[in-house]
Amino acid sequence: GAGVSQSPSNKVTEKGKDVELRCDPISGHTALYWYRQSLGQGLEFLIYFQGNSAPDKSGLPSDRFSAERTGGSVSTLTIQRTQQEDSAVYLCASSLPQVDTQYFGPGTRLTVL
Amino acid sequence: AQSVTQLGSHVSVSEGALVLLRCNYSSSVPPYLFWYVQYPNQGLQLLLKYTSAATLVKGINGFEAEFKKSETSFHLTKPSAHMSDAAEYFCAVSRPSGTYKYIFGTGTRLKVLA
């Protein structure tokens, strides 16, 4: 079946602009995660959604970062007033509820000029 | 708190040689442990996982790992390296319940020499 998909695959933006990154999880996966992969910080957890529960936002690095999940499926990660240090690959993963194994999408490479 | 340390950011082996990628963890609760592989410009693919059952875990592509509580280690091995094993490998730890969010190591890039 279809895996986790992310769009766009690449995004180049200018410093100060807002960006939206999209994640389509595997059908039936109610748990959804965002991670950031950057040269300086490695792979970092950002945010976690599970069904209708309040999201775990403990990994978001600043209030410029936000995410939402509509209808329990598609998720959008928004970065406002982008900075050069936001340049990274943003990975989305999904899993079945209360299951440990996460399935990752191919990522969105964000470059902030 | 949980953390993962991967010793060696780059490892080179000859084709056919043993692959050993090291992972040590720290966790205040019994951990779940994972190895993922990332090929260039792709997402992460699960190789294997330890979730408190058998301590010797076999995964895909001939890889295996052994959970050693006394050493807080979960090293990844493969008896004979293949050129297609060249990739970046990540060890991750999570709690056995709750959000299951992963704490990743910094990764080890494996190079296989012909």
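Given the structure is predicted, the values throughout are model-derived calculations rather than measurements.
- Contact count against chain B (heavy-atom pairs under 4.5 Å) is highest for A:Gln102 among A:Gln50, A:Arg109, A:Gln102.
- Contact of B:Thr106 with chain A is not made at all, since no heavy-atom distance falls under 4.5 Å.
- Around the OH atom of A:Tyr103, the shell of radius 6.0 Å holds no more than 12 heavy atoms that belong to other residues, nucleotides or ligands.
- Of the two parts of B:Leu46, only the side chain, counted from C-beta on, holds a non-hydrogen atom closer than 4.5 Å to a non-hydrogen atom of chain A.
- With a 4.5 angstrom heavy-atom cutoff, A:Leu43 touches chain B via backbone and side-chain atoms both.
- Ring pair A:Phe104/B:Phe104 is perpendicular by interplanar angle, where above 60° counts as perpendicular and below 30° as parallel.
- Per-residue heavy-atom pair counts under 4.5 Å with chain A were compared for B:Lys49, B:Lys101, B:Gln42, and the maximum is reached by B:Lys101.
- In this structure, the portion of B:Gln38 lying under 4.5 Å from any heavy atom of chain A is its side chain and not its backbone.
- With 3.5 Å as the limit, one finds no donor-acceptor pair spanning the side chains of A:Thr76 and A:Glu68.
- A:Gln6 does not touch chain B: none of its heavy atoms, backbone or side chain, sits under 4.5 Å away.
- Neither the backbone nor the side chain of A:Ser95 comes within less than 4.5 Å of any heavy atom in chain B.
- Taking the six-membered ring for Trp and thresholds of 30 and 60 degrees, B:Phe34 and B:Tyr36 have ring planes inclined between 30 and 60 degrees apart.
- Residues A:Arg81 and A:Asp18 are not paired through a salt bridge, judged by the lack of any N-O separation under 4.0 Å between the basic side chain and the carboxylate.
- Within 6.0 Å of CG on A:Leu39 lie no more than 12 heavy atoms contributed by other residues, nucleotides or ligands.
- Checking A:Glu44 against A:Gln37 by side-chain atom types alone, no donor-acceptor pair falls below 3.5 Å.
- Using a 4.5 Å cut-off between heavy atoms, B:Tyr102 touches chain A through backbone and side chain atoms alike.
- Residue A:Asp56 touches chain B through its side chain alone, counting heavy-atom pairs closer than 4.5 Å.
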